[in-house]
Amino acid sequence: MARRVAGCARRSCLLLGSRMITVDGLRAMRVFEGVPDEGLVYLAGAVEDIRLVSGEYFAHEGDERSLFIVVEGLAEITKIVNGDERVIGTRQPGRFFGEVPMTLSTPFPASGRAAGPTRVLKLEPAVYYTLAALAPSVPDRVATLARRYLDSLQTMAAEQREPGVRLIHHGRSARAHRVSGFLTRNQVDFESVTADADPHAADTVLELADGRRLENPTMREVAEAVGLDVAPAARDYDVVILGAGPAGLTAAVNAAAEGLRTLVVETFAPGGQAGTSTRIENYTGFPFGISGDDLASRAFKQAKRLGAELVVTRTVEALDPKTHELTLDGGDVVRAEVVILATGVVWRTLPLDDVGRFLGGGVYYGAARSDSAVAQGADVCIIGAGNSAGQAALFFSRHARSVTLLVRGESLEAGMSRYLIDQISAIPAIRVETRSEVVALHGADSLRSADIADRRTGDVRRRDVDVLFVMIGADAETAWLPPGIALDGRGFVLTGADALESGRWAETRRPFALETTAPGVFAVGDVRSGSVKRVVAGVGEGGMAIAFTHQYLALDR
């Protein structure tokens with residue numbers, strides 16, 4: 001009976017019980033010379049015997065360690081270098097892959113895929129160490145190969161070219177900060193250079209390898225200059241997904257994997273609000289946590305590899321709820337059988353009159369891992385009491401001189417997970433001030449201090465603040481949606497039973513659980529009314545949306 005190998009990309013990647021490797025098959029392989037019979041018997045029952053078609057991956061860069069042995073065919077070893085996937089080696093029958101992770105107890109430094117029909121054996125760490133005890137010659141051989149492979153990786157690293165993009169900026173600049181975040185989150189390698197202040201020069205300059213210089217460029221100009229897709233390649237799609245946060249990217253991965261023509265339209269960069277999260281520790285499968293931009297990067301690569309198309313710096317100006325035609329800024333029009341709204345939410349702004357002049361010069365909405373440079377050695381304040389604020393406080397405590405978490409409420413318990421509260425309380429460098437609020441900002445060219453009011457006493461104190469991260473909740477941007485899509489009182493999209501009860505559902509059938517009041521238009525993630533505002537919930541809804549998509553496409557319409 002066939003059973004699927006966890007992590008394989010396609011249906012054809014099967015572990016066939018009737019074709020498992022035998023003791024005689026193992027004995028015929030040179031790599032197992034010297035292994036006693038009891039070791040071979042154990043191994044035959046413990047390894048995974050995996051058969052792949054051309055292009056299928058059996059290991060991905062960053063995966064947890066295992067040892068693979070090629071039995072038949074040819075395996076290619078690939079690595080992302082300067083944004084491009086390069087083949088850095090091959091493995092023929094009888095050769096190992098995973099010797100470095102197994103020897104050093106590290107994740108995979110490169111990926112492995114089949115170059116034509118290929119068969120590999122997979123040894124999990126427990127299997128490998130049991131085999132090592134039965135046959136010490138095996139780990140000795142693996143360690144020798146690991147040393148050789150590390151030498152080749154060092155040679156490749158020395159040969160990597162310099163980034164073809166230079167970002168030149170004059171001190172703190174809102175535009176430079178935004179361009180830097182855009183390049184980072186879109187996985188574009190670049191060099192950041194701080195130039196001397198010059199009142200006559202552009203505050204942000206993008207230098208390209210071909211000699212071009214873009215002064216104070218727009219995000220669209222940056223995207224086009226570095227080769228990102230900014231225009232749809234076709235007019236008609238099976239699924240168009242608006243937004244590339246966790247929910248949208250998960251929907252894209254599932255749709256593309258099932259052969260649906262998929263387009264993702266994103267206004268800025270993959271990841272959404274989660275892309276600015278410094279560390280997510282309650283996401284299943286990452287025992288030591290994962291940053292939001294790393295999670296988004298993995299999902300983005302997966303969606304692209306499976307065939308999804310993603311365009312950035314584009315917004316949708318109009319959606320026809322009946323024809324599913326979408327008009328993008330600039331006039332491009334695309335049509336989809338199914339539209340999935342995954343536009344997420346945007347941070348609420350700090351309600352102070354002079355906050356605008358400090359944006360990018362000390363005041364930032366959200367906090368990403370790439371912001372560690374602006375926090376280095378600085379006095380940092382974070383306004384907020386949610387998980388994102390807690391994650392940011394923990395992250396910046398390793399970089400900043402001081403970190404203060406300002407909370408309007410009585411405590412952190414109302415909006416923050418217990419694991420974060422416990423970690424924050426254990427770090428002396430983080431100070432939590434409840435019933436506190438920023439009422440004024442001060443500084444010349446950049447932020448230097450802030451007035452903080454204590455709502456218990458009414459006292460206002462001025463405090464040195466170099467960097468202020470604002471994380472005070474978020475709102476849905478749904479005013480652009482047509483009247484045919486019903487919203488709740490706060491502007492979030494009604495779906496499922498709520499859509500039915502709104503009185504705006506005109507079909508005789510009941511709407512699917514994630515379907516809006518417009519048939520064939522679904523909403524997932526933070527933009528959906530009643531959704532759980534957590535990354536894992538958005539991921540789950542993104543996958544569910546594609547299941548409902550198939551059911552919708554099967555309807556007699």
Side-chain angles (χ1 to χ4, degrees), residues 1-78 89-149 285:
M1 181 176 178
R3 59 187 177 92
R4 192 178 306 281
V5 178
C8 283
R10 302 170 187 254
R11 294 182 177 87
S12 56
C13 184
L14 299 174
L15 177 60
L16 303 178
S18 60
R19 297 171 59 197
M20 285 286 292
I21 192 75
T22 64
V23 170
D24 288 339
L26 292 171
R27 187 179 289 117
M29 299 174 65
R30 291 188 59 187
V31 296
F32 296 122
E33 288 180 356
V35 177
D37 286 345
E38 68 265 28
L40 295 176
V41 170
Y42 164 76
L43 203 57
V47 299
E48 294 184 24
D49 190 350
I50 304 171
R51 293 166 172 81
L52 309 106
V53 298
S54 182
E56 274 191 310
Y57 287 76
F58 54 87
H60 290 279
E61 187 172 346
D63 283 353
E64 293 300 315
R65 60 192 174 127
S66 293
L67 185 68
F68 291 91
I69 305 169
V70 179
V71 181
E72 301 170 2
L74 180 68
E76 291 179 333
I77 311 306
T78 69
T90 58
R91 295 291 188 274
Q92 296 178 341
R95 297 285 302 279
F96 294 112
F97 175 59
E99 56 270 33
V100 171
M102 197 59 72
T103 301
L104 302 181
S105 297
T106 59
F108 277 101
S111 301
R113 69 184 181 197
T118 301
R119 180 185 181 191
V120 298
L121 301 182
K122 179 181 180 181
L123 283 69
E124 297 284 359
V127 176
Y128 171 76
Y129 289 120
T130 299
L131 176 64
L134 295 170
S137 62
V138 174
D140 289 343
R141 193 176 305 146
V142 169
T144 300
L145 291 173
R147 286 191 291 272
R148 294 177 186 171
Y149 187 58

Where do [X] and [Y] come nearest, in terms of heavy atoms and distance?
X      : Y      : value
Gly98  : Phe108 : CA-CE2, 3.5 Å
Ala59  : Phe68  : CB-CE1, 3.8 Å
Leu131 : Leu123 : CD2-CD2, 4.0 Å
Pro109 : Pro101 : CD-CG, 3.7 Å
Arg113 : Phe58  : N-CE2, 3.6 Å
Thr106 : Arg65  : O-CB, 3.6 Å

Exercise for the section: Give a yes or no on this: more than 12 heavy atoms of other residues, nucleotides or ligands lie within 6.0 Å of atom CD of Glu38. Expected result: yes
Which distance, rounded to the nearest 0.5 Å, do you find between the [atom1] of [X] and the [atom2] of [Y]?
X     : Y      : atom1 : atom2 : value
Phe97 : Lys122 : CZ    : NZ    : 12.0 Å
Glu56 : Arg51  : CD    : CZ    : 13.0 Å
Leu67 : Leu121 : CG    : CG    : 9.5 Å
Thr78 : His60  : OG1   : NE2   : 9.0 Å

Only one of [options] passes side chain to side chain contact (heavy atoms under 4.5 Å, CB included) with [X]; say which it is.
X      : options                     : answer
Leu26  : Val41, Ile21, Ile69         : Ile21
Val120 : Val70, Asp49, Val47         : Val70
Tyr42  : Asp37, Val127, Val23, Val35 : Val127

Problem - Donor-acceptor contact below 3.5 Å, side chain Arg91 vs main chain Phe96 - result: yes
Handout entry: Main-chain N/O of Glu124 paired with Ser66 side-chain donor or acceptor, under 3.5 Å
Key = no
Handout entry: Intermediate values then yes/no, side chain to side chain contact (heavy atoms under 4.5 Å, CB included), Arg119 and Leu52
Key = CA-CA 6 Å; Arg119 180 185 181 191; Leu52 309 106; over 6 Å; no
